[in-house]
Amino acid sequence: MKVVGICGSPRRGGNTEYATQYTLDRIGEKGIETELIRLCEKNVHYCTACYNCVQQKRCTINDDLEEIFLKIEAADGLIMASPVYHASVTPLIKSLMDRLGFSGRWRDNPMQATDTAYKFKGTPFSGKVGAPITVARRAGTTSAFSDLLLWYTVNDFIVVGSSYWSMLLAGKGGAINAAEDAEGLANLDHLAENMANLIIKLTKAK
Ligand SMILES: Cc1cc2nc3c(=O)[nH]c(=O)nc-3n(C[C@H](O)[C@H](O)[C@H](O)COP(=O)(O)O)c2cc1C
């Protein structure tokens, strides 16, 4: 059992990384392997809308996407975490979401030329457990959270909730102070518990 946590902040060691690693650590305490991926250390270009993935069944841009894709494909759960930038996610995580989602969709499904229903064969992420985390100084956490939620739910993940939306308030004046948001961290504790329990149940049911 493994959970991959993706930190979509351009800032290494910042609040979002803290939130992601904190949640992974709680999941790890339940006996599940975890791995943190810092997008600021990766090269993931934005989607160029070449549509090559429809025929070739993979994204043909030669960068770090494939490495991340394979790690997620091999995992049971995924945490996507983003700082809030103008009430939305960062360009780093948006580029990743676009390319994972679009190229993943066509891996096992043909794109129809006309608007007809197709028999959906799933995505490489089908049945994996997903959770969003957002971090903001003050506002926009819920709209950025929705961006992540919409991505998970169109890509056939099973999304887990918590005692509140899984988000932290931190970063006034650029501060790295996520550890001070006790209420937010308690919500991450519960998110981790839910995520670990669900993965354990799903693994037993396989
Ligand atoms: C370009 C930019 C846009 C931001 N937009 C928002 C915003 O819309 N709402 C908010 O509350 N904080 C905003 N912030 C503050 C960050 O969300 C906050 O400092 C967060 O803790 C940063 O996470 P990090 O430490 O992982 O980089 C913004 C920061 C930057 C650099």
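Note that the coordinates shown come from a computational prediction; the quantities given were computed from them, not determined experimentally. Numbers for residues simply follow the sequence, beginning at 1. Indexing begins at 1, ligand by ligand and atom by atom, following the structure's order.
For the pair Leu39 and Thr90, the minimum side-chain heavy-atom distance is 4.5 Å or more.
Using cut-offs of 30° and 60° for the angle between ring planes, the Phe157 and Trp151 rings count as tilted.
The number of heavy atoms from other shown groups lying within 6.0 Å of NZ (Lys128) is above 12. No more than 12 heavy atoms of other residues, nucleotides or ligands lie within 6.0 Å of CD in Glu183, so this atom counts as exposed by the packing criterion. For CD of Glu41, the number of neighbouring non-hydrogen atoms (other residues, nucleotides, ligands) closer than 6.0 Å is greater than 12.
Residues with a heavy atom under 4.0 Å from ligand 1: Ser9, Arg11, Gly14, Asn15, Thr16, Pro83, Val84, Tyr85, His86, Ala87, Val135, Ala136, Arg137, Arg138, Ala139, Ala170, Gly171.
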*Evaluate the ring pair (Phe, Tyr, Trp, His ring centres under 6.0 Å) criterion for residues Tyr51 and Phe102: first the C-alpha distance (whole Å), next the side-chain angles of each, then the deciding distance (0.1 Å), finally the verdict.*
CA-CA 9 Å; Tyr51 282 72; Phe102 208 64; 5.5 Å; yes
